[in-house]
There are 2 protein chains.
Amino acid sequence: MISRGETTATILDVARRAGVSRTTVSRVLNEPDRVSPGTLQRVRAAVADLKYAPNTVARGLRSGRTGLVALLVGDISQPFHGALAQAVAAAAEARGLGVILYDLGHSRTRLQDVLNKLPGQGVDGIIIATADDISAPKIRAALAHCLESHIAVVTGMELFDDDAVAAVNFDPAAGSRLAVEALAEAGKHAPALLVGDAASPLARHLARGAPTALLVEAGYSFDGAGRAARELPREVDSVIAATLPMAIGAWNALAGEGRDLPLILCEDTPLAAHVRPSFTTVAIAPETLGAEMVRLVSLPAQADPPPVLNPELVRRETF
Amino acid sequence: MISRGETTATILDVARRAGVSRTTVSRVLNEPDRVSPGTLQRVRAAVADLKYAPNTVARGLRSGRTGLVALLVGDISQPFHGALAQAVAAAAEARGLGVILYDLGHSRTRLQDVLNKLPGQGVDGIIIATADDISAPKIRAALAHCLESHIAVVTGMELFDDDAVAAVNFDPAAGSRLAVEALAEAGKHAPALLVGDAASPLARHLARGAPTALLVEAGYSFDGAGRAARELPREVDSVIAATLPMAIGAWNALAGEGRDLPLILCEDTPLAAHVRPSFTTVAIAPETLGAEMVRLVSLPAQADPPPVLNPELVRRETF
DNA sequence: ACTGCATGTACCTGTAGCGCT
DNA sequence: CAGCGCTACAGGTACATGCAG
């Protein structure tokens, strides 16, 4: 049924068919203003006839831009990262960019390996969408090499102070602060803050916004959060959780013990609204984050500072 | 991208430093057996000295292989697709391949657009991990074009009978059959089968394995499944659901009406085990599926037929 | 003539810079 | 200057050839 045989058309085929040179075809594609209407039309007809699509590999070799962006996520199987990847893919598509996916599994050595490999891969930009600590010297060195190779680098939050690396202007502390305030208004003054890795920048940011909260490290898993929740001191009267799986794990563990503490989740994902119970969140929509990351990565290095993104409190069943 | 003469060495720099020709350096990298031990060592030393990494764009242009595989998913924000993407990324990494992510949003026209673009993108393979109908003539034509361009194509299940497109040897009907049998043993003989899109191959496969079940189309969303569940006839005594969000939506809707029907979910994802209630599944682990897809896509076209993957019943709280 | 190893050169497909009309 | 073409690349790999033993 599906047959093979013909080969794909090159720019030369189009040029011959339209009776022009390769250069002219190239111009029709890249600078149409500089081509006369007549040739424009003939070339475009030839392009359509032959179903010509420029070979991005060849283009990349000559121009130095591949139209590819690397997306580095901590763990793509987590609901939030899935939603974020979707947003990034959509925003990238809108700008004619492709997205290469790298799942880090929260591993620092893996991050380092990937960063070392990327300059040779010919990507135009790197989006680091992990909340893990990436300040190790070897990682900094790898990042520096990427920047030397003129690859734009963007992080999802302020991971370290370095002007060369753009960061989305979103402070997780604003979210945890909002959560603490909302809980306080409801008379809850002793929240626990459940984070995956206490040493991670995300955890430190969240803790900064919730200085009164009891910081608890629970790993990123359901079970870890469940165990941590069961060991929460009696005086803890509410919970702020970093990720949805952790929130679910903690909630189920507490419910199993008959403890019904209000809980606020610090990330937004469609699932949070639809699981039972649905989770109250303070967060930024993944769509917003993804779009902003892609915008930053495709921007010239020293552009105006990114706009501040403020998290929003969405009340649902857990608080 | 990579600027010349500064930080990034080319194969010519290595060749000069080692006192050999470019060809020899190339061979050291690609066919080390064909190089004498002495030169091998000298060239490798030069490579290390200059921290040389081959430019994959240039390599791709000449060799026609880029080491990139396109992963087309129906909706990456769905938990199952996230887990699958993770598995695919891991398996690809193990074979030295990169993964370009395309989110289709269950749109046929989007699939068509992507397939039309891929031959020019220089990908070596395409993994179609959607369960949607892809048999439209225009899509077939686009697929044919990909195959003509010597791009390997793999689907996650039998989407149509075509030898040129490899498919994972997994029959969803085996899963739904298993589900029906398990329910029957428990005295449940009138299950409803909740699918996202009744016209999709997945739905048809599942229906084939569960001919006695009432087929209900619910869209892929929580809410759609909830509405569909509320309208289930009284005689329905159990539910088989295609996706986790649908299972959650249906379960919550039924619970809201005090109806407590046993439910079996036909896809596996970590979340299924950890939400409350945890969902009984008949499925194949995403890791297995992902690994198999990558294996098939990196195989020569007419290799031996893929091994049969059999779904497994995992009992949890919903049945 | 056959082997083992290295070299030379023609590509792969576009785009940049400059030149011509 | 507008409109288009020529040619030299970009950085590798395929293939044919060269040259010892």
Side-chain angles (χ1 to χ4, degrees), chain A residues 7-44 46-47 50-68 119-124 149-150, chain B residues 1-44 46-47 50-68 119-124 149-150:
Chain A
T7 112
T8 43
T10 77
I11 201 173
L12 192 56
D13 300 321
V14 177
R16 275 198 283 253
R17 182 167 187 111
V20 295
S21 75
R22 291 182 296 169
T23 310
T24 303
V25 178
S26 177
R27 265 205 277 270
V28 168
L29 268 54
N30 299 312
E31 311 163 284
D33 314 338
R34 299 222 153 107
V35 182
S36 72
T39 13
L40 199 66
Q41 201 164 13
R42 262 184 310 139
V43 171
R44 285 197 167 140
V47 165
L50 300 173
K51 287 176 193 158
Y52 168 73
N55 181 324
T56 56
V57 178
R59 168 180 294 183
L61 178 58
R62 180 66 237 227
S63 71
R65 324 242 105 234
T66 54
L68 290 175
Q121 289 289 119
V123 298
D124 294 348
S149 309
H150 301 110
Chain B
M1 173 181 61
I2 290 169
S3 64
R4 289 181 24 118
E6 294 176 4
T7 50
T8 310
T10 76
I11 201 171
L12 193 56
D13 299 322
V14 177
R16 275 197 283 254
R17 182 165 187 113
V20 297
S21 73
R22 294 182 297 169
T23 310
T24 304
V25 177
S26 179
R27 258 208 280 277
V28 168
L29 269 53
N30 299 313
E31 310 163 285
D33 314 338
R34 298 213 143 130
V35 181
S36 71
T39 8
L40 198 67
Q41 201 163 12
R42 263 184 309 139
V43 171
R44 285 199 167 138
V47 165
L50 300 172
K51 286 175 190 157
Y52 167 73
N55 180 322
T56 57
V57 178
R59 169 181 291 184
L61 179 56
R62 177 63 236 222
S63 70
R65 326 244 103 232
T66 54
L68 290 175
Q121 289 290 116
V123 298
D124 293 349
S149 311
H150 300 109

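Computed from a predicted structure; not experimentally measured. Chain letters run A, B, ... following the sequence lines, proteins first, then strands; residues in each count from 1.
Side-chain N or O atoms of T56(B) include one that pairs as donor or acceptor with a backbone N or O of G120(A) at under 3.5 Å. Under a 3.5 Å cut-off, the side chain of T66(A) and the backbone N or O of G122(A) do form a donor-acceptor pair.
With sequence neighbours left out, T39(B) forms a side-chain hydrogen bond (donor to acceptor under 3.5 Å, both in side chains) with S36(B). Among residues two or more places apart in sequence or in another chain, the side-chain hydrogen bond (donor to acceptor under 3.5 Å, both in side chains) test is passed with R17(A) by D49(A). In this structure A53(A) satisfies the side chain to side chain contact (heavy atoms under 4.5 Å, CB included) test with no other residue, sequence neighbours excluded. Considering only residues two or more places apart in sequence or on other chains, R34(B) meets the salt bridge (Lys or Arg N to Asp or Glu O under 4.0 Å) condition with E31(B).
Separating the OH atom in Y52(B) from the OG1 atom in T8(B) is a distance of 11.0 Å, to the nearest 0.5 Å. Note that CD1 of I11(A) and CG of L50(A) are 12.0 Å apart. Values are rounded to the nearest 0.5 Å.
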Tabulate below the donor-acceptor pairs under 3.5 Å that side-chain atoms of residues 22-29 of chain A make, not counting sequence neighbours, or state none.
unit_1: T24(A); atom_1: OG1; unit_2: S21(A); atom_2: OG; d: 3.4
unit_1: S26(A); atom_1: OG; unit_2: N30(A); atom_2: ND2; d: 3.4

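Within the structure, every pair that satisfies the salt bridge (Lys or Arg N to Asp or Glu O under 4.0 Å) test and touches residues 52-65 of chain B, not counting sequence neighbours, is listed here: R65(B)-D124(B).
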Output a table of nitrogen or oxygen pairs between the protein and nucleotides 12-16 of chain C separated by less than 3.5 Å.
unit_1: dC12(C); atom_1: O2; unit_2: R62(B); atom_2: N; d: 3.4
unit_1: dG14(C); atom_1: OP1; unit_2: Y52(A); atom_2: OH; d: 3.2
unit_1: dG14(C); atom_1: OP1; unit_2: N55(A); atom_2: N; d: 3.1
unit_1: dG14(C); atom_1: OP2; unit_2: I11(A); atom_2: N; d: 2.8
unit_1: dG14(C); atom_1: O5'; unit_2: Y52(A); atom_2: OH; d: 3.2
unit_1: dG14(C); atom_1: O5'; unit_2: N55(A); atom_2: N; d: 3.4
unit_1: dG14(C); atom_1: N7; unit_2: R22(A); atom_2: NH1; d: 3.3
unit_1: dG14(C); atom_1: O6; unit_2: R22(A); atom_2: NH1; d: 3.3
unit_1: dT15(C); atom_1: OP1; unit_2: N30(A); atom_2: ND2; d: 3.2
unit_1: dT15(C); atom_1: OP1; unit_2: R59(A); atom_2: NE; d: 2.7
unit_1: dT15(C); atom_1: OP1; unit_2: R59(A); atom_2: NH2; d: 3.2
unit_1: dT15(C); atom_1: OP2; unit_2: S26(A); atom_2: OG; d: 2.6
unit_1: dT15(C); atom_1: O2; unit_2: R62(A); atom_2: NH1; d: 3.2

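Taking five base pairs at each end of the helix from dC2(C)-dG21(D) to dT21(C)-dA2(D) and finding the rotation axis that steps the C1' atoms of four pairs onto the next four gives two axes whose angle is 60°, to the nearest 10°.
Computed from coordinates, the R65(B) CZ to dA14(D) P distance equals 11 Å when rounded to whole Å.
Within residues 32-44 of chain B, no residue approaches DNA chain D, by heavy-atom distance under 4.0 Å.
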